[in-house]
*Asks:* 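This is the structure, below, for whatever I ask next.
Note that the structure is predicted; figures quoted are calculated from it, not measured. First the proteins, then the strands, lettered A, B, ... as listed; each starts at 1.
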Protein chains: 2
Amino acid sequence: MSPSRPAGLVRQARTPRQGIPDATVARLPVYLRALTSLAEHGVTTVSSEELATSAGVGSAKLRKDLSHLGSYGTRGVGYEVEYLVYQISRELGLTQDWRVAIVGAGNLGRALANYGGFASRGFTVVALLDAATDLIDQEVAGLPVLAVTELERVIAQEQVQIGVLATPACAAQDLCDRMVAAGVTSVLNFAPCVLNVPGHVMVRKVDLSTELQILAFHQQRGAAAGLGYGGLGEQSQDGPGAAEVAG
Amino acid sequence: MSPSRPAGLVRQARTPRQGIPDATVARLPVYLRALTSLAEHGVTTVSSEELATSAGVGSAKLRKDLSHLGSYGTRGVGYEVEYLVYQISRELGLTQDWRVAIVGAGNLGRALANYGGFASRGFTVVALLDAATDLIDQEVAGLPVLAVTELERVIAQEQVQIGVLATPACAAQDLCDRMVAAGVTSVLNFAPCVLNVPGHVMVRKVDLSTELQILAFHQQRGAAAGLGYGGLGEQSQDGPGAAEVAG
DNA sequence: AGGCACTTGTGAACGAACGCACAAAGTCAG
DNA sequence: CTGACTTTGTGCGTTCGTTCACAAGTGCCT
């Protein structure tokens, strides 16, 4: 790679950790995916303009985002793909392994367990639980479905840090409480309801129905028109509002 | 009611339609769900404080959000649940039926087809398509899986307005193009990739892997701490960034 | 009728995020 | 070595979103 640069490996590991904006954090995974894809295509260096296009954002925004991680990138050249992949991964905490438990082995739970994207980036699904007795001991994605009564034991034993809720809304709060009591500190909630958790626990919610309703709104009032600008624009996905709840 | 105001029933249907903030639109479905739940429990009137708690937001934000729809609500009393449900539904465009096609009948596609939340609010899944020949003609959620070669015909014939992509990333762009060409103007994308679409088409993206990575980031740096405030706070779900892409 | 307690709706202050545009910093050719 | 060209990193003005605090409106009780 660039010969003039000293030990490319370390290069000012000054981490301005004090506060990466939530909006930026939400975009880092997108950049990471774009970079990974580029790397697979044999690209070794990329400019902010190219990467921005791949990620579907503006180049200025991308540069500002990356500048929050530190001053990687070489003026006049661009960013070294592999190096940037590593830096973003490290910042997101993907260099360590996260142990995930999925609660609910219905259609959604099974889909999640089979989803390749989980395993690919430092996330290991270590357990899949359900309340329905006829599902128990079935094998899904190489994992046996466990009885939900074992939840506390499994979470402690497997050192689960992240819990994924793929259950009906009515059961979600109770199961969430149990997971939190057992030591889980991050929850990804697919159930269509608001969860109450203590302050040290982080919840993110994904709601299919909500997404459809937002689409319906925009379609109703003139099909995404209005702003209509020319260039390749953003793609909405996910907002800054990372928030917690205190109990 | 107020003597100065005309007929209570219509009650100033002055729709300040010119621009509801995206952030507000993203929260309306949450309010709607909370209201529906309250209605089912027999509650007829609710204050902004109570509703805000149910929805997991601050009461000031809730009031401002609702004020963008118009002046429903009665000072000293609160909001009439049923009336507000109707108003939000109307604003979101849920009073009409939206016809949805799901492309990809893998684990995720089947989960989506079976998801009750779709049908419950004006969304009708009219078709489920897949490329895998061994899935075709299987019945899922009362619908036969159709060959993806029929995509254009089905979308035109069934007047599909919203397309849901639940396919691998590599196939997503192509299928998206075909859906758009066939007349779809809103796309909900579950494939982990950025879609390029013409300016009149709206895309929303849901990415499970992204959500996990955001959780990992926050967990890594102190487990959702930092802000830690006392009251019941927000729950992150979905951002304002409603955006379109122009081709 | 009048006062009191309660709740909405909103003006205004604050803060976060975006995009522009440019200086600093580097590369490459000659 | 010099000079032209490329691309990053960032200061700044603007826009968008959130929060505070309060006036105005409503119902209830005396």
*Asks:* Which residue is it: B:Y31, B:Y83, B:Y86? I am looking for the one with a ring-ring contact (aromatic ring centres under 6.0 Å, His included) to B:Y72.
*Replies:* B:Y83
*Asks:* What's the CD-P distance between A:E49 and C:dG19, to the nearest Å?
*Replies:* 13 Å
*Asks:* If each of B:R75 and A:D65 is mapped to the nucleotide of DNA chain C with the nearest heavy atom, which maps nearer the 5' terminus, i.e. the 5' end?
*Replies:*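 Comparing both residues, the 5'-ward one is B:R75.
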*Asks:* Taking only side-chain nitrogens and oxygens of B:R63, does any of them come within less than 4.0 Å of OP1 or OP2 of D:dC20?
*Replies:*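 Result: no.
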*Asks:* Determine: side-chain N/O of B:S71 to OP1/OP2 of C:dG9, distance under 4.0 Å, yes or no.
*Replies:* yes
*Asks:* I need the CG-P distance between B:D22 and D:dT18, as an integer number of Å.
*Replies:*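 Answer to the nearest Å: 11 Å.
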*Asks:* Report the distance from atom NE2 of B:H68 to atom C1' of C:dG11, rounded to the nearest whole Å.
*Replies:*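 Between C1' of C:dG11 and NE2 of B:H68: 13 Å.
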*Asks:* Looking only at side-chain N and O atoms, does A:K64 come under 4.0 Å of OP1 or OP2 in D:dT10?
*Replies:*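 No, no such contact exists.
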*Asks:* Let me spell it out: for each of B:A60 and B:G76, pick the nucleotide of DNA chain D with the closest heavy atom. Which residue's pick is nearer the 5' end?
*Replies:*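 The residue closer to the strand's 5' end, by nearest nucleotide, is B:A60.
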*Asks:* Just how far is it from atom CG of B:N196 to atom CG of B:D177, taken to the nearest 0.5 Å?
*Replies:* 8.0 Å
*Asks:* Would you kindly say whether B:E80 and B:T45 are connected by a side-chain donor-acceptor distance under 3.5 Å?
*Replies:*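 Absent: no donor and acceptor within the cut-off.
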*Asks:* Could you check how far CG of A:L66 sits from P of C:dG19, rounded to whole Å?
*Replies:*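 Roughly 15 Å, once rounded to whole Å.
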*Asks:* Atom CD1 of B:I20 to atom P of D:dG17: distance rounded to whole Å?
*Replies:*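 Distance, rounded to whole Å: 12 Å.
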*Asks:* Examine D:dT7: is either OP1 or OP2 under 4.0 Å from a nitrogen or oxygen in the side chain of A:S48? Give yes or no.
*Replies:* no
*Asks:* Taking the nucleotide of DNA chain C with the nearest heavy atom to each, does A:V77 or B:G78 sit closer to the 5' end?
*Replies:*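 Per heavy-atom nearest nucleotide, the more 5' residue is B:G78.
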*Asks:* Indicate whether OP1 or OP2 belonging to D:dG17 is found under 4.0 Å from a side-chain N or O atom of B:K61.
*Replies:* no
*Asks:* Would you tell me whether A:T95 and A:R90 have side-chain atoms, one donor and one acceptor, within less than 3.5 Å of each other?
*Replies:*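 The criterion, which ignores hydrogens and geometry beyond distance, is not satisfied for A:R90 and A:T95.
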*Asks:* Take the protein atom OH of B:Y72 and the nucleotide atom P of C:dG9, then report the distance between them rounded to whole Å.
*Replies:* 11 Å
*Asks:* Check whether any side-chain N or O of A:Y79 sits under 4.0 Å from OP1 or OP2 of D:dG9, and answer yes or no.
*Replies:*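 Looking at the OP1 and OP2 atoms of D:dG9, one of them is under 4.0 Å from a side-chain N or O of A:Y79.
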*Asks:* Find the distance B:Y31:OH to C:dT8:P and express it as a whole number of Å.
*Replies:*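 The answer, rounded to whole Å, is 13 Å.
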*Asks:* Out of C:dA17, D:dG27, C:dG26, which nucleotide sits closest to the side chain of A:T74?
*Replies:* C:dG26
*Asks:* Would you give the length of the straight line joining atom OG1 of B:T167 to atom CG of B:L108, rounded to the nearest 0.5 angstrom?
*Replies:* 9.5 Å
*Asks:* In whole angstrom, give the distance that lies between atom CD of B:E80 and atom P of C:dT7.
*Replies:*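 Roughly 17 Å, once rounded to whole Å.
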